[in-house]
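The figures here come from the full heavy-atom set of this structure, side chains too, leaving out hydrogens, waters and symmetry mates.
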Amino acid sequence: MATMQMTVRPEDLSQLPKGAERIPDPGILVIFGASGDLTKRKLLPALFHLWQSNLLPQKFAIVGVARRPLGDEFAADMRSGIVEFGGVDARDPKLDGFVSTISYFPLNFDDPASYAGLKTELDRIASEKGIGPDRLFYLATAPEFFTGIIENLGAQNMAQPEKGRVAIVIEKPFGHDLDSARLLNHQVNAVFHENQVFRIDHYLGKETVQNLLVFRFANGIFEPIWKRNYIDHVQITVAETLGVEGRGPFYEKAGALRDVVQNHMMELLALVALEPPSSFESESVRREKLKVWQAIPSIPILSTVRGQYGPGIVAGEHVVGYRDEERVNPESGTETYAALRLTIENWRWAGVPFFLRAGKRMKKRATEISIQFKQPPLLIFNRMALSGPCSDIQPNLLTIRIQPDEGISLRFGAKVPTTPEMTVCPVNMDFDYEAAFGKSSANGYERLLLDAMLGDQTLFSHRDGVETTWALYTPVLQAWASKKPQVFPNYFAGSWGPECADHLLESTGHSWRNDLGRKA
Ligand code: BG6
């Protein structure tokens, strides 16, 4: 397929506005569960990127909190994480200054007395460094510790101090079904006001995800056709080549639906489907997303498919099946693949099917949204004798590549030159992020951490949103739990998932797009 490349010229780049240069007030960021992978691989590299760009206050401290008895080696370990995972040069002149902001405090999450010690330590650091009373607590622990930490912060009066701005960031999973999410919301809101609560979904930190709003609402040409009159159907795919990466016990309880569909994929769906918010402000954007989720009717079980990978070959390597992964039940019924069909019953989308699928150990890593448009009302060209390799008239397809090969492409038909007949060939107009803006080492947490420090909740989930998406998926999870799948494993690692997922689309005359990624 031919491709037209769209690039930003260097002279255009110098015209681009500088990033929002808002700098939070001096404060302390406290990371609970700091000895885990997330802190080293994602949070600290992201914080250093902010520091490099002078987006953090000079008077700033990061306190890692976890159960292990660590000392100065924590800061040294974070330094190596920044270099290894943040694409940072070990000799970066700003690195030492940043690492000097990091310290560690060992704490037993369930022990109230430890929190009094933490409070004293934070006060000590604040007075030593001349930092004010602002605090951001980041919960990166296993979810079973969330409630205890929140209650202890409340009991020590660290959640509602007399002075300063205090906020809490809570990592996913936020609950494991509707009841547990409601309970957790209740426990959180008993200690923190909703405007202090930042439920994080790292997908919303991805540039390509934020760009969905820009693409739709900063351009005049797409919105008029962004509706059921012109759109045939939408597919959203989150395909990973990775397996469960040593997270067997976590994944056994989660499965693909809880791990990826209820959160990341529903955020993507909402950004594709929402009505234009009246402004790019937290309340407006969150309200419009909520309306999308509320307009989705319950999902019939026949519109869902689950799968589990068996052994296979991924990227030329033999890999074991899910049931042979470390610390996984050899008879596990947990799904590593989920696919479903849903509809959004409002004026914009009534009758347009949305197909979602997420899977581990798939053939290719690709997170993509594709919007297939309806065919023209009259196909005059396919009445002619078409010949050659490109004689197929395909519908227009807008593909938004969230990752990797970040970009957007639009497929349309073009006349093949020099042929006597009207031979139509699909071609692509392609926008490639890296070609246009250069490579970025940002991991998405930069924006979210900065927004949380600044108190901007636009890119975070509201309690109502979390409960609405759980309300949609809890019946599916219950139905699946009541009937152990007989046919697991039902797809080979390195394939596009179970065959039965194809039937979800066949009845509507569609098929999954498996040519994901950038077209050369
Ligand atoms: C996490 C899931 O939330 O998202 C993981 O727990 C998954 O299982 C990951 O691999 C995918 O994120 P990304 O950014 O790599 O698409």
Task: Euclidean distance, Gln196 CD relative to Leu136 CG, rounded to 0.5 Å - done: 11.0 Å
TODO: Would you please say whether a donor-acceptor pair under 3.5 Å links the side chains of Arg199 and Asn263?
DONE: no
TODO: Let me know which of Ile371, Leu356, Leu398, Leu268 forms a side chain to side chain contact (heavy atoms under 4.5 Å, CB included) with Val234.
DONE: Ile371
- [ ] Measure the spacing between CG of Asn54 and CG of Leu50 and express it to the nearest 0.5 Å.
- [x] 10.5 Å
TODO: Only counting residues at least two apart or in another chain, list the ones meeting side chain to side chain contact (heavy atoms under 4.5 Å, CB included) with Asp37.
DONE: Arg41
Task: Shortest non-hydrogen contact from Lys40 toward Phe85 - done: O-CD1, 3.9 Å
- [ ] Determine, for Lys59 against Asp134, whether the closest basic-nitrogen to carboxylate-oxygen distance falls under 4.0 angstrom.
- [x] no
Open item on the list: Once ring-ring contact (aromatic ring centres under 6.0 Å, His included) is applied, what residue pairs with a partner in residues 154-187 remain, sequence neighbours excluded?
Closed with: none
Task: Ala273 versus Ile344, closest heavy-atom pair with distance - done: CB-CD1, 3.6 Å
Task: Heavy-atom side-chain proximity of Pro395 to Arg411 below 4.5 angstrom - done: yes
- [ ] Examine distances only and state if a side-chain atom of Thr469 and a backbone atom of Gly465 form a donor-acceptor pair shorter than 3.5 Å.
- [x] yes
Show me the side-chain donor-acceptor pairs of residues 447-456 shorter than 3.5 Å, one per line, residues at least two apart or across chains.
from	atom 1	to	atom 2	distance (Å)
Arg447	NE	Asp451	OD1	3.3
Arg447	NE	Asp451	OD2	3.0
Arg447	NH1	Gln210	OE1	2.9
Asp451	OD1	Arg22	NH2	3.3
Asp456	OD1	Thr458	N	2.9
Asp456	OD1	Thr458	OG1	2.6

Task: For the student: nearest non-hydrogen atoms of Asp232 and Pro353, plus distance - done: O-CD, 3.4 Å
Open item on the list: So Leu43 and Ile62, do their side chains get closer than 4.5 Å, heavy atoms only?
Closed with: no
Open item on the list: Any non-hydrogen side-chain atom of Leu118 less than 4.5 Å from a side-chain atom of Met158?
Closed with: yes
Open item on the list: On a heavy-atom basis, which atom in Gly220 and which in Pro224 lie closest, and how many Å separate them?
Closed with: O-CD, 3.2 Å
Open item on the list: Among residues at least two apart in sequence or on other chains, which ones pass ring pair (Phe, Tyr, Trp, His ring centres under 6.0 Å) with His233?
Closed with: Phe355, His510
- [ ] Keeping to residues at least two apart or across chains, list the ring-ring contact (aromatic ring centres under 6.0 Å, His included) pairs with something in residues 133-168.
- [x] Phe109-Phe145
Open item on the list: Measuring from atom OG1 of Thr39 to atom CD1 of Ile31, what distance do you get when rounded to the nearest 0.5 angstrom?
Closed with: 5.0 Å
Task: Partner residues of Glu240 under the side-chain hydrogen bond (donor to acceptor under 3.5 Å, both in side chains) criterion, sequence neighbours left out - done: Lys360
- [ ] Check for a donor-acceptor pair, side chain of Arg341 on one end and backbone N or O of Leu505 on the other, with a separation under 3.5 Å.
- [x] no
- [ ] Return yes if some donor-acceptor pair links the side-chain N/O of His462 with the main-chain N/O of Asp464 below 3.5 Å, else return no.
- [x] yes
Open item on the list: Go through it in stages, so that I can follow the logic: the residues are Leu178 and Glu467, the test is side-chain contact (heavy atoms from CB on, under 4.5 Å), and I'd like the CA-CA distance, side-chain angles, deciding distance and then a yes or no.
Closed with: CA-CA 6 Å; Leu178 179 57; Glu467 290 181 15; 4.1 Å; yes
Task: Residues in side-chain hydrogen bond (donor to acceptor under 3.5 Å, both in side chains) contact with Gln372, at least two apart in sequence or another chain - done: none
Open item on the list: Between Arg348 and Glu223, is the salt bridge (Lys or Arg N to Asp or Glu O under 4.0 Å) condition met? List the steps.
Closed with: CA-CA 11 Å; Arg348 185 185 285 268; Glu223 208 41 33; 2.9 Å; yes
- [ ] For residues 258-292, pull every pair meeting ring-ring contact (aromatic ring centres under 6.0 Å, His included), keeping only residues two or more places apart or in separate chains.
- [x] His202-His264, Tyr203-His264
Task: Heavy atoms of other groups near Lys374 NZ, more than 12 under 6.0 Å - done: yes
Task: Donor-acceptor under 3.5 Å (Arg135 side chain, Pro161 main chain) - done: no
Open item on the list: Check Arg513 with Asp515, please: is the shortest side-chain N to carboxylate O separation under 4.0 Å?
Closed with: yes
Open item on the list: Could you check whether any side-chain N or O of Gln294 sits under 3.5 Å from a backbone N or O of Thr468, counting only pairs where one atom can act as donor and the other as acceptor?
Closed with: no
Open item on the list: Contact between Glu446 and Phe48 at the side-chain level, heavy atoms closer than 4.5 Å - yes or no?
Closed with: no
Task: Arg286 side chain to Phe460 backbone, donor-acceptor under 3.5 Å - done: yes
TODO: Give, for atom CG of Leu47 and atom CG of Leu55, the distance between the pair rounded to the nearest 0.5 Å.
DONE: 11.5 Å
Task: Atom of Ile393, atom of Gln375 and distance for their closest heavy-atom approach - done: O-NE2, 3.5 Å
- [ ] Could you tell me whether the side chain of Arg165 reaches within less than 4.5 Å of the side chain of Asp25, counting heavy atoms only?
- [x] no
Open item on the list: Is there a side-chain contact between His503 and Val305 in this structure, where contact means two heavy atoms from C-beta onward sitting under 4.5 Å apart?
Closed with: no
Task: With Leu139, the side chain to side chain contact (heavy atoms under 4.5 Å, CB included) member among Ile200, Ile150, Val30 - done: Ile150
Task: Any Lys364 side-chain heavy atom under 4.5 Å of Trp496 side chain - done: yes
Open item on the list: Using 0.5 Å steps for rounding, measure from the CG atom of Asp432 to the CZ atom of Phe437.
Closed with: 10.5 Å
TODO: With sequence neighbours left out, write down each residue that passes side-chain hydrogen bond (donor to acceptor under 3.5 Å, both in side chains) with Thr147, or none if nothing qualifies.
DONE: Gln187
Open item on the list: Less than 3.5 Å apart, any donor N or O on the side chain of Glu194 or Asn189 sitting next to an acceptor on the other?
Closed with: yes
Task: All side-chain hydrogen bond (donor to acceptor under 3.5 Å, both in side chains) counterparts of Tyr473, not counting sequence neighbours - done: none
Task: Polar side-chain atom of Asn152 near backbone of Gly148 as donor-acceptor pair, under 3.5 Å - done: yes
Open item on the list: Side chains of Asp177 and Ser180: any donor to acceptor distance under 3.5 Å?
Closed with: yes
Task: Inter- and intrachain pairs under side-chain hydrogen bond (donor to acceptor under 3.5 Å, both in side chains), touching residues 297-306, at least two apart - done: Thr304-Trp480
- [ ] Calculate, to the nearest 0.5 Å, the distance between atoms CZ and CG belonging to Phe354 and Leu269 respectively.
- [x] 5.5 Å
TODO: Specify the closest pair of heavy atoms between Thr399 and Ser370, including all atoms of both residues, with the distance to one decimal.
DONE: OG1-CB, 4.1 Å
Task: Phe412 and Val427, any side-chain heavy atoms less than 4.5 Å apart - done: yes
- [ ] Under the ring pair (Phe, Tyr, Trp, His ring centres under 6.0 Å) rule, collect the residues that match up with Phe215, sequence neighbours excluded.
- [x] Phe222
Open item on the list: If we ignore hydrogens and angles and just use 3.5 Å, is the side chain of Thr208 paired with the main-chain N or O of Ile402 as donor and acceptor?
Closed with: yes
Task: Distance-only side-chain donor-acceptor flag, Thr237 / Gln235, under 3.5 Å - done: no
